[in-house]
Amino acid sequence: MKVIILAGGLGSRISEETEDKPKPMVLIDDKPILWHVMNIYAKQGFTDFIIATGYKNEVIDKWVKGKLDSSWNVKAQFTGLTTQTAGRIKQCFSILKDSRVMVTYGDGLGNVNLKNLIMQHEDKDRLATVTAVRPPARFGVLESEEGIVTHFGEKNQTDAGWINGGFFVLERAILDFIDTDVQTFEGNIMPTIVNNRQLASYHHHGFWQPMDTLREKHELSRLAEDSNPPWLSF
């Protein structure tokens, strides 16, 4: 099964790193986070990738053609500078013959069991399945009584609700809901297919971490130094 990686955004929330390169090319340890995303799939037997590029597409294109030393089948597909996520998915589907693909973002890591994700997708028999994750704890939690702090510590991740963690499985029929390149998959398509009861969820209880800030980038870089980082512990 082919894997579409959405890698065309501006990466404005981590602009310190993205002035001269797209966000998926920000280094985690000594490799782009894009490589780490692909490695999650490759370690589980999925090595056929199409990278949907946009902003600074030439950086990814050059890396794929020159510096990516692997046996993976990787194609960088320019999908436009202003195209949104749904449009990028549609463009990638248009050059593929596959009836089903996996899709993820180029800036988030998680030890998602992909075979279990696919099994859930097949069991629910819907157009799309999204991996639901707990958001990472970013702030300390404070409790007080009568103006006196009684507890301060890290927020428990399980106290938060579930959010979209990427790692999708999509059927080709999802294209019937995508009309233009300016539609976002998250804001336009997912609510629509929810209303049609065509979105299933796979709840992932393991490690998941996006790279939205420099703090998160440094944390992922530290974890990447481990011989078996948490996003590869399946």
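- Looking at heavy atoms from C-beta onward, Q44 lies in side-chain contact with N113 at the 4.5 angstrom threshold.
- With T129 contributing its side chain and F168 its backbone, the two residues share no donor-acceptor pair below 3.5 Å.
- In summary, D212 and K23 engage in a salt bridge, as defined by a charged side-chain N under 4.0 Å from a carboxylate O.
- With rounding to the nearest 0.5 Å, the separation of CD1 in I50 from CD1 in I89 is 11.5 Å.
- Grouping the Ile, Leu, Val, Met, Phe, Trp and Tyr side chains by contacts below 4.5 angstrom, directly or via other members, places L68 with V37.
- The side-chain heavy atoms of I163 and V133, taken from C-beta on, include a pair separated by under 4.5 Å.
- In this structure the side chain of V59 never reaches within 4.5 angstrom of the side chain of W63, judged on heavy atoms.
- At least one donor-acceptor pair under 3.5 Å links the side chain of N111 to the backbone N or O of F207.
- Both F46 and L109 are assigned to one and the same hydrophobic cluster, defined by single-linkage of ILVMFWY side chains at heavy-atom distances under 4.5 Å.
- A chain of hydrophobic side-chain contacts below 4.5 Å, direct or via other Ile, Leu, Val, Met, Phe, Trp or Tyr residues, connects V3 to F234.
- Considering all non-hydrogen atoms of both residues, A7 and P24 come closest at CB-CG, 3.6 Å.
- Looking only at side-chain heavy atoms (C-beta outward), R88 and I4 stay at 4.5 Å or farther from each other.
- With contacts defined as side-chain heavy-atom distances shorter than 4.5 Å, the pair V74/I51 qualifies.
- With contacts defined as side-chain heavy-atom distances shorter than 4.5 Å, the pair F177/N196 qualifies.
- Ion pairing between a basic and an acidic side chain is recognised when a charged N comes within 4.0 Å of a carboxylate O; R100 and E122 show such pairing.
- Judged by distance alone, with hydrogens and angles left aside, the side-chain atoms of K124 form no donor-acceptor pair with the main-chain N or O of A200 at under 3.5 Å.
- Within the 3.5 Å criterion, the main-chain N or O of T18 finds a donor-acceptor partner in the side chain of Y55.
- Here the side chains of W72 and V64 are not in contact, with every heavy-atom distance at 4.5 Å or above.
- In this structure, Q84 and Q183 approach most closely via the heavy-atom pair CB-O, 3.1 Å.
- Checking side-chain atoms of N188 against main-chain N and O of T184 turns up a donor-acceptor pair under 3.5 Å.
- Aromatic rings of F167 and Y202 (six-membered ring for Trp) have centroids beyond the 6.0 Å cut-off, not under it.
- Using a distance-only test at 3.5 Å, with no hydrogens or angles considered, no donor-acceptor pair links the side chain of R126 to the main chain of H121.
- I118 and V103 are members of different hydrophobic clusters when ILVMFWY side chains are connected at heavy-atom separations under 4.5 Å.
- A 4.5 Å side-chain heavy-atom check between P22 and I60 finds at least one atom pair inside the cut-off.
- For the pair D226 (side chain) and N228 (backbone), a donor-acceptor distance under 3.5 Å is present.
- No donor-acceptor pair closer than 3.5 Å links the side chain of T53 to the backbone N or O of G8.
- C92 approaches T79 most closely through the heavy-atom pair SG-CG2, 4.3 Å.
- The two residues H205 and W162 come nearest to each other via the heavy atoms CE1-CH2, 3.5 Å.
- A single hydrophobic cluster is not seen to contain both L27 and L220; linkage of ILVMFWY side chains at heavy-atom distances under 4.5 Å, directly or through other members, places them apart.
- A173 approaches L127 most closely through the heavy-atom pair CB-CD2, 3.5 Å.
- Within 6.0 Å of the CE atom in M119, the count of heavy atoms belonging to other residues, nucleotides or ligands does not exceed 12.
- The backbone N or O of S201 lies less than 3.5 Å from a partner atom in the side chain of Q120, making a donor-acceptor pair.
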